[in-house]
A.B. asks: 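One structure, as structure tokens, below. Some questions next.
So that the names make sense, note that chain A is the first sequence line, chain B the second, and so on, each numbered from 1. Just so it is clear, the structure is predicted and the values come from calculations on it, not from any experiment.
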Amino acid sequence: VFLKKLLTLPNPTQRVNMKKTNHNQALDQPGVSLDLKKPFGITLLLSLLFIILFMVSSELLLRTKPVQEILPLPSVGSPNRSLDIKVHLLERLARDEGPPNIIFLGSSLANAAFDPTTFQVAFKKTTGKEIRCFNFGVNALTMTAGTKLANILVDLYNPEMIIWGVTPLDLSPRNKKKQLIIEQNHWVRYRNGEDNFAGWLADVSYSYRYFLRFRFWMEFPKLSFQRSRVVSKTTAYGFRINRTRNIIDNPVPPKRIDHHRRIMANVSPKPGPLAQLQKALAKHKSTAFILLDMPHHATLMKFYKKGPQTHQQIMGKIQSTARQQGAYYQEAPPPQLLEDRDWYDLTHLNHRGATKFSRWLGKKIGDAVNNKMLPEPGNREDIR
Amino acid sequence: MTIQSLEFFAFFALVLVLYYIIPKKFQNLLLLVASYVFYISISLNFALILLVMTLVNFGWAHYISRVQGKSRRKRLIIGIFFNTIIWLFFKLANFFVLQVIALIKQLGLPFNTGSMKVLLPIGLSFYTLQAISYLLDVHREQMPPSQKLVDFSLYMAYFPKLTAGPIERAQRFLPQLRQSRSLDNKSAARSFTLIIIGLFRKIVVADTLMAVIPRNFIQEGASFSLLEILIWVMTGAFALYNDFCGYTNMVRGISGFFGIELTRNFAHPLFARNFSEFWGRWHISLSSWLRDYIYFPLSRYLVRRNPNVKNKANIILPPMVTMIVSALWHNPQLSYLTWGVFMGVALAGERVKSAFRPVKPPSKLPLWRQSIAMTLTTVLGLGIPILLVTHFYSLGTLFQHILNHSPWTLPQSRVFLLILPGLWIDILQYRSKNETPFMHWAPITKALLLALAALGIFFFAQERIAEPFIYQGF
């Protein structure tokens, strides 16, 4: 049968009888006409109603406290886990206790170093003022990305002070890809004034934020797991507790030291980030900005191209930018404040170091407030 | 402007409104203009190449039809040669340009190699086959050459199918343009359903699966078990299927709104029970093209030479040559060639079996055997090609890892969350023997499903830049 079929193909009956049929001859009124009869679009209309119903009910449900406590923290769509965590913890703090008077900003160095509770106590001891603080330290935050987050923080919470922990490394990013993760996030772009639909959606919709969390889990299951672990170890004020390791009991591996050496040798001041900083400081006059030189382990200082001289040169540029815009500049704590037992690794403080450092900072800022060098926080009606 | 982008849908809506406003006699012209606008939005040079190929093939078909006998055959061969040479030039040019660049760099010659790149015009492989089939059909007198340049140009350039098919036949496409037809409630609902299914398959299933698959999972195979590798390969295969099937559904739905029915490209390939069935269900427009213009003519030629059913050449050569041509059409590279040979051997194996003893048709087999056959065909028909094509040069590393690794770890179950909705659509379509089975559901259920699908598409589409369809790369 197969052979027969094969040998007779192409079937002569399928051949066109050129005399009888003309393929090019137009039939009656060639073309397409609309023949839609009423009712039409009922399913579409019903589904639109379902969409509205679903969105409204899920928005209401996902904004309630009991539901939020059961579910993991939502996401604004950033693979940078600390950004997502900090955004939502700050939002919850503002909802439950009110917006913070002081927000600490900076990279992972700031994330590890600022203990808001210790700072609050030291500050109260110095000034007698009760304040609320939040640590908004975000891993891999550069100065450029930091200015974008500063804009968002001022815009959303209008804190009385932003204490921004900076280092020369922030001007010369180690990892361009990590930097872009924050800068290119739709929500960050939208909050910085860009027309961005996905960013707007993440800003207004909790359903979408939880969807983004689901998506994050789908794409990065390991990171998602790490994120949940970090959340469980972070206080309501954004400080990660229980980082007890130190470099005496756990010496830094030589490979890691080489890595630091390579990075620090290439650090140089870039004009772009400084211009961004200048712009951000000039923009927000209602919030007092304090630029703080973050503590450095002595070993790292040697790794700069010209040793501590490079560090001073870069921090000098940041200081002059801060002064030009009327921002306050705070020197790093004296080296003797922090000993090796206070360092988690060569760049980050551990819990003990963070407590010491935050106590010192609370007193320093308190003194500056007492000396009228900084406006007194805790007086604004909208933040009480 | 990718087919699933918002810009494309705005463009489609505009063309659609104009299409039903203007007089019917200008509708085809409007579609032609829209098709060229769409192609120019990708690249003006691509549009020029398409224009040249259209004009040459239009004229050449008339030239072929004017004579009979050997001259007719000669003219056909020249026409096919012209189309093939253009296609080959663009397919191979980049490969040779890269060699020239490497040579220039090696010799240290002071040439700027930055601009030396030849881009393959999107859709060239698809419309080249359309042009060749048109010339062949005219030569075989299965149809007369088209008298209307507008119609023929639209056959070549019709924008819904321009970038990745389906590969249409002039015999089926051109008569539709000359017919009176209407867009009624049923066809509008069907087209809309096809678009939604297509978007769901592409944006929710395929793109997300692609994002979930670990990059270079074979090169980093040390951390993956055999079962994990198998599942990731099959995930890739499932993503490819949903990507291409989603694309076809979308373009068929879009075309349906213009009253033009495009060829169906997929008929539940996941339920194929042998390779012959698989190729009758996967990329149907290409496999039927290959069947009609390579497999059957070659079989006929061989059978005429030696009418013995059990002749080895008669059994082995047609599937082998067809699959090799198919592989080279996808990409003239060693990895694709290996895939073609593998598929050719598999198909020839099935034919050898049936040549020597009667074989029960797959539908007559017990259910358990059908299920095993389906799984094996899917794994071998989809998984092995994916492995061969994407990881051809790292297969050695893969086998090393397989031998050294414990084989019983499973990847996280999250993959199945995405596979299941795609599979559910397939099962529904297969069981109901209908591409749009949801159309017969109660309005409330339909509306609920549409709402969920629309929300899924909307949310999934936000965070990701529209990924191009995989088959646009061929």
A.B. asks: Please find the pair of heavy atoms, one from A:His186 and one from B:Gln462, that lie closest to each other, and give the distance.
C.D. replies: NE2-O, 4.0 Å

A.B. asks: So, taking the atom named CG in B:Leu448 and the one named OG1 in A:Thr43, what distance separates them when rounded to the nearest 0.5 Å?
C.D. replies: 12.0 Å

A.B. asks: Quick one: do A:Ser33 and B:Tyr20 satisfy side-chain contact (heavy atoms from CB on, under 4.5 Å)? Show the steps, please.
C.D. replies: CA-CA 7 Å; A:Ser33 51; B:Tyr20 287 105; 5.9 Å; no

A.B. asks: Please determine whether side-chain contact (heavy atoms from CB on, under 4.5 Å) holds for the pair A:Val32 and B:Phe258, giving the CA-CA distance in whole Å, both sets of side-chain angles, and the decisive distance to 0.1 Å.
C.D. replies: CA-CA 7 Å; A:Val32 191; B:Phe258 295 113; 5.9 Å; no

A.B. asks: Is the shortest side-chain heavy-atom distance between B:Leu455 and A:Met55 below 4.5 Å?
C.D. replies: yes

A.B. asks: Can you name the nearest heavy-atom pair linking A:Ile51 to B:Ala454, along with the distance?
C.D. replies: CD1-CB, 4.0 Å

A.B. asks: Taking it one step at a time, do A:Phe50 and B:Leu450 satisfy side-chain contact (heavy atoms from CB on, under 4.5 Å)?
C.D. replies: CA-CA 9 Å; A:Phe50 273 126; B:Leu450 178 60; over 6 Å; no

A.B. asks: Are there over 12 heavy-atom neighbours, none belonging to A:Asp195, within less than 6.0 Å of that residue's CG?
C.D. replies: no

A.B. asks: Check each atom of B:Phe458 against the heavy atoms of chain A and say whether the ones under 4.5 Å are side chain, backbone, both or neither.
C.D. replies: side chain

A.B. asks: Have a look at B:Phe459 and tell me which of A:Phe197, A:Tyr208, A:Phe54 forms a ring pair (Phe, Tyr, Trp, His ring centres under 6.0 Å) with it.
C.D. replies: A:Tyr208

A.B. asks: If you take all heavy atoms of A:Ser47 and B:Ala451, which pair is closest and at what distance?
C.D. replies: O-CB, 3.5 Å

A.B. asks: Which atoms of A:Ile42 are under 4.5 Å from chain B, going by heavy atoms: the side chain, the backbone, both sets, or neither?
C.D. replies: neither

A.B. asks: Under a 4.5 Å heavy-atom cut-off, does chain A meet the side chain of B:Leu417, its backbone, both or neither?
C.D. replies: side chain

A.B. asks: CG/B:Leu418 to CE/A:Met218 distance, rounded to the nearest 0.5 angstrom?
C.D. replies: 3.5 Å

A.B. asks: Between B:Phe460 and A:Arg215, is the side-chain contact (heavy atoms from CB on, under 4.5 Å) condition met? List the steps.
C.D. replies: CA-CA 8 Å; B:Phe460 273 93; A:Arg215 186 77 191 257; 3.4 Å; yes

A.B. asks: Does any heavy atom of chain B fall under 4.5 Å from the side chain of A:Phe216, the backbone, both, or neither of them?
C.D. replies: neither

A.B. asks: Please check if the number of heavy atoms outside B:Arg305 that lie under 6.0 Å from its CZ is greater than 12.
C.D. replies: no

A.B. asks: Counting only heavy atoms closer than 4.5 Å, note whether A:Leu201 contacts chain B via side chain, backbone, both or neither.
C.D. replies: side chain

